[in-house]
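Here the structure is laid out as structure tokens; the discussion comes afterwards.
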Amino acid sequence: MKRIAIIGGGISGLSAAFTLEQHRRGGVPLQYVLYEASQRLGGVISTEYMDGCVVEAGPDSFLTEKPWAADLCRELGLEDQLIGSNDAGRKTYILLKGRLVPIPDGMMFMVPKRILPVVFSRLFSPLTKFRMAREWFHSPARSDQDESVAEFVERHYGSELVERLADPLLSGVYGGDSSQLSVRAVLPRFAQMEASHGSLGRAVLAARKKIVHASSGPPRPLFTSLKDGMQQMVEVLASRLCAPSIRLGAPVEQLKFKGDGWMVSATGAREPFDSLIIATPAHTAAVILQSVSTELAIELRGIPYTSSITATLGYGHGVRSSLPPGFGFLVPRSEGRRLLAATFVHNKFPHRATEDRVVIRCFYGGSRNEEILQLHEDEILRIVREELRQILGIGAEPLFTRVYKWKAAMAQYAIGHLERLDRIHRLREQLPGLALAGNAYRGIGVPDCVHSGKQAAEQALFAMGLMSSTAVCSEP
Ligand SMILES: Cc1cc2nc3c(=O)[nH]c(=O)nc-3n(C[C@H](O)[C@H](O)[C@H](O)COP(=O)(O)OP(=O)(O)OC[C@H]3O[C@@H](n4cnc5c(N)ncnc54)[C@H](O)[C@@H]3O)c2cc1C
């Protein structure tokens, strides 16, 4: 009987455990133990219910075009619980000189897919519109050099587009800084488009033509989620695992590699395993691997993380009519505010708020403003309410408020990230049986984490001779 340890019970570790459980039930002779430091599973995925509304502490949904999270939900029997975002009402604003200006229709991240909405948009100056038109003639560029997202976008569309769109999108969603993030790791599709077509505009149009020819049926929603919140996925996943295999309140403190296996130390006890999946943030993986491989620990520690706060406020009757339609807004750095972004939950997922409620979820922290995490919850709420008053004119008392702090939870793929992953891959290969999963490597969203957990489980099975190599992908 082969034994596998999984360290970390967020969605990456749970996905790994579920894959192992499926093989175990299929007759593969294995045992697994999942070590989770806290008293609950799910990591940053956590849902609460307040006043008839669904309040997400961490992720509220996932991108539909990445299939792995929805596939997992289907495998868990949650297909009828999957819901799409209300795309008929999709409109996102950028705060510009204190006013909310809509992102023009038909933008794919920073690439315009339609001309007229951009021409009439108040978001961009005439010079940027001219640069968007000129981008059409950008010639293909082949370079092995990585660069920042800001440099890449600026080369195509100029600095105003970086400041008003690319940077707010990355900081609002991932707490990132476009001048630090790697374009090849964060926006690989756009880097490929540049290599193949030169112009991103032309590449997007060509891809769109292909999709129109290939697709049938109604368009899919941009975001997918679960009716009762993201925690539904965690709860059902946990219920499918072998209960005695789950150790809560069991932070792994140390690892030892013995050539033919691993020794895991947690809460004063040591246990031997044939294989090991580390599904914690990379900075934690670095700490527990320090005595096994200093070089690997250095590489893992080199992956930066940012911290964030989500603050959700629920309002009653009267507030809804005073708010603009749409999913919410993003705040460029130049506005000089602490708020990074806000989601109008009642519009994005209408069934998550009762009809007479308004639910606004605000994002703070990120690379711009880590210090805010030090503030007391009351002080954070004072800042949130003041900024919402100034931006949206909301003076009403909220019916409920919730503040969640996520310390060093969001990996940032800095320039050179892919080269770092190659080095990690080589170092990991020197430690048979070790697999890594999580948001530090090849995708930060929930679907990527689900995928990374599954891949890590398959690598572990392969390392123990319980799975054929053809079925296994060997990243990171
Ligand atoms: C505020 C916020 C909003 C987000 N919004 C979205 C979104 O809308 N859509 C989307 O797709 N993604 C979103 N993300 C990103 C996504 O949710 C995360 O990348 C993903 O959930 C991370 O999962 P994970 O399992 O890799 O890590 P985590 O959830 O961080 O889990 C790691 C687990 O490891 C445990 N652990 C740590 N150290 C040890 C140890 N020594 N021993 C044992 N256990 C340990 C921790 O307690 C934790 O439970 C968001 C993230 C945040 C923080």
Side-chain angles (χ1 to χ4, degrees), residues 5-17 33-46 56-66 68-70 85 172-176 222-226 229-231 233-234 237-238 246-255 264-267 276-289 305-312 327-328 340-341 343 345 348-349 361-366 373 403-413 436-453 456:
I6 303 159
I7 306 176
I11 193 65
S12 305
L14 287 170
S15 161
V33 174
L34 188 154
Y35 292 92
E36 165 52 44
S38 71
Q39 293 296 340
R40 57 172 285 279
L41 293 170
V44 302
I45 298 180
S46 172
E56 295 287 8
D60 70 346
S61 57
F62 38 83
L63 278 175
T64 306
E65 72 166 11
K66 295 198 171 191
W68 307 290
S85 48
V173 180
Y174 292 125
L222 184 60
F223 302 103
T224 299
S225 194
L226 288 147
M230 296 288 287
Q231 195 164 303
M233 178 159 63
V234 171
L237 250 177
I246 300 175
R247 312 256 163 92
L248 294 179
V252 169
E253 290 129 14
Q254 209 192 13
L255 298 172
V264 175
S265 304
T267 52
L276 183 68
I277 297 168
I278 304 185
T280 65
H283 47 82
T284 309
V287 173
I288 54 181
L289 278 166
Y305 273 73
T306 56
S307 305
S308 58
I309 289 177
T310 60
T312 297
F327 282 10
L340 299 174
T343 303
V345 178
K348 186 175 176 185
F349 292 110
R361 187 163 109 115
C362 302
F363 295 80
Y364 284 84
L373 268 94
V403 174
Y404 308 91
K405 293 183 180 180
W406 299 113
K407 186 135 183 50
M410 207 76 107
Q412 304 293 311
Y413 300 167
L436 300 170
N439 70 14
Y441 309 107
R442 294 194 186 267
I444 193 162
V446 171
D448 303 294
C449 291
V450 167
H451 191 49
S452 80

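All ligand and atom numbering here is 1-based and tracks the order in the structure. Every heavy atom of this structure was used, including side-chain atoms; hydrogens, water molecules and symmetry mates were not.
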Requested in this report: Determine, step by step, whether Leu276 and Ile7 satisfy the side-chain contact (heavy atoms from CB on, under 4.5 Å) criterion, reporting the C-alpha distance in whole Å, the side-chain angles of both residues, the deciding distance to 0.1 Å, and the verdict.
Outcome: CA-CA 8 Å; Leu276 183 68; Ile7 306 176; 3.8 Å; yes
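- Although no hydrogens or angles enter the test, the distance criterion places a donor-acceptor pair under 3.5 Å between the side chain of Tyr305 and the main chain of Ala282.
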Where does ligand 1 get N/O contacts under 3.5 Å from the protein, atom by atom?
| residue | atom | partner | partner atom | Å |
| --- | --- | --- | --- | --- |
| ligand 1 | 8 (O) | Asp60 | N | 3.3 |
| ligand 1 | 8 (O) | Asp60 | OD1 | 3.3 |
| ligand 1 | 8 (O) | Ser61 | O | 3.4 |
| ligand 1 | 9 (N) | Ser61 | O | 2.7 |
| ligand 1 | 11 (O) | Val446 | N | 2.8 |
| ligand 1 | 19 (O) | Asn439 | ND2 | 2.9 |
| ligand 1 | 19 (O) | Ile444 | O | 2.5 |
| ligand 1 | 25 (O) | Ile11 | N | 3.0 |
| ligand 1 | 25 (O) | Ser12 | N | 3.0 |
| ligand 1 | 25 (O) | Ser12 | OG | 3.3 |
| ligand 1 | 26 (O) | Ser12 | OG | 2.7 |
| ligand 1 | 29 (O) | Val44 | N | 3.0 |
| ligand 1 | 41 (N) | Val252 | O | 3.1 |
| ligand 1 | 42 (N) | Val252 | N | 2.9 |
| ligand 1 | 44 (N) | Ala37 | N | 3.1 |
| ligand 1 | 47 (O) | Glu36 | OE2 | 2.6 |
| ligand 1 | 49 (O) | Glu36 | OE1 | 2.7 |
| ligand 1 | 49 (O) | Glu36 | OE2 | 3.1 |

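- At distances below 3.5 Å, not a single donor-acceptor pair connects side-chain atoms of Thr310 with backbone N or O atoms of Phe363.
- Without hydrogens or angle criteria, Tyr404 side chain to Ser308 main chain gives no donor-acceptor distance under 3.5 Å.
- For the pair Glu56 (side chain) and Thr312 (backbone), a donor-acceptor distance under 3.5 Å is absent.
- Side chain of Trp406 to backbone of Ala57: a donor-acceptor contact under 3.5 angstrom is found.
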